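As structure tokens, the structure follows; a few thoughts come after it.
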Amino acid sequence: MNNKKSFYEKCYSILKKVPKGKITTYKEIANALGTKAYRTVGNAMNKNPYAPNVACHRVVNSNGNVGGFASGNKKKIEMLKKEGIKIKGKKIQNINKFLYRFN
DNA sequence: CGGTTGACCAAGT
DNA sequence: GACTTGGCCAACC
């Protein structure tokens, strides 16, 4: 096993901890890793080599915006709605309620 | 090693 | 509420 994970891979590991029906933000992930590289987290999601394995659509912006999605941000919204997330246009409703926090 | 690239964030206008 | 600016940081070339 290779324990030397890139920052990207750490992001995927964190993301895997998020249960279905919950979401997280790029900032929260970066914070969980003890860094401020919010942008680098987004970069990791954009590459997302573990596409079906990692639910990259459960990551949103801190301000409640859905953010982006490699295959079309509309798809992302639809998937989130299916998981029970309330979305208005491109904005998450009650984000505080769905936001999952890492301990 | 220096410059570019972002699915970001916060504050200002 | 929409747009701009500056700051942040790892990966990539």
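Numbers restart at 1 for each chain; the letters A, B, ... are given by sequence-line order, proteins then strands. Source: prediction; values computed, not measured.
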Criterion side chain to side chain contact (heavy atoms under 4.5 Å, CB included) against Ile77(A), the qualifying member of Lys81(A), Lys74(A), Met79(A): Lys81(A)
In whole angstroms, the gap separating C1' of dC8(B) from CD1 of Ile92(A) amounts to 15 Å
Can you work out whether Asn43(A) or Tyr38(A) has the more 5'-proximal nearest nucleotide on DNA chain C? Tyr38(A)
I'd like to know whether NZ of Lys10(A) has more than 12 heavy-atom contacts from other residues, nucleotides or ligands below 6.0 angstrom. no
What is the distance from OH of Tyr12(A) to P of dA7(B), rounded to the nearest Å? 13 Å
Could you go through Lys27(A) and Val41(A), starting from their C-alpha distance and side-chain angles, then the distance that decides it, and tell me whether this counts as side chain to side chain contact (heavy atoms under 4.5 Å, CB included)? CA-CA 8 Å; Lys27(A) 188 177 178 183; Val41(A) 176; over 6 Å; no
Round to the nearest Å and state the distance from Lys90(A) atom NZ to dA2(C) atom C1'. 13 Å
Round to a whole Å and report the spacing from CG of Asn31(A) to C1' of dC9(C). 14 Å
Between Lys36(A) and dC8(B), does any side-chain N or O lie under 4.0 Å from OP1 or OP2? no
Measure the distance from CG on Asn63(A) to C1' on dA11(B) and round it to the nearest whole Å. 13 Å
Check the distance between dT5(B)'s P and Asn46(A)'s CG and give it to me in whole angstrom. 14 Å
Sub-3.5 Å donor-acceptor pair from the side chain of Ser13(A) to the main-chain atoms of Glu9(A), do we have one? yes
Closer than 4.0 Å, any side-chain N/O of Asn61(A) to the OP1 or OP2 of dA7(B)? no
Atom NZ of Lys27(A) and atom P of dA7(B) are separated, to the nearest Å, by 20 Å
Under 4.0 angstrom, heavy atoms only, what part of the nucleic acid is Tyr26(A) near: base, sugar-phosphate, or nothing? base
Rounded to whole angstrom units, what separation is found between the CD1 atom of Ile14(A) and the P atom of dA7(B)? 21 Å
Does OP1 or OP2 of dC9(C) have a side-chain N or O of Thr35(A) closer than 4.0 Å? no
Using only heavy-atom distances, decide whether a donor-acceptor pair under 3.5 angstrom links the side-chain of Tyr8(A) to the base of dA10(C). no
Given Thr25(A), Val66(A), Ile29(A), Val54(A), the one that forms side chain to side chain contact (heavy atoms under 4.5 Å, CB included) with Val59(A): Ile29(A)
First encountered from the 5' end of DNA chain B, between Thr40(A) and Ser62(A): Thr40(A)
Winner on side-chain proximity to Lys47(A), out of dA7(B), dC12(C), dA10(C), is dC12(C)
Consider the side chain of Arg39(A), meaning its heavy atoms from C-beta on, and name the nucleotide among dC9(C), dA7(B), dA11(C) that approaches it most closely. dC9(C)
Using a 4.0 Å heavy-atom cut-off, does Thr25(A) contact any base of the nucleic acid, only the sugar-phosphate backbone, or nothing at all? nothing
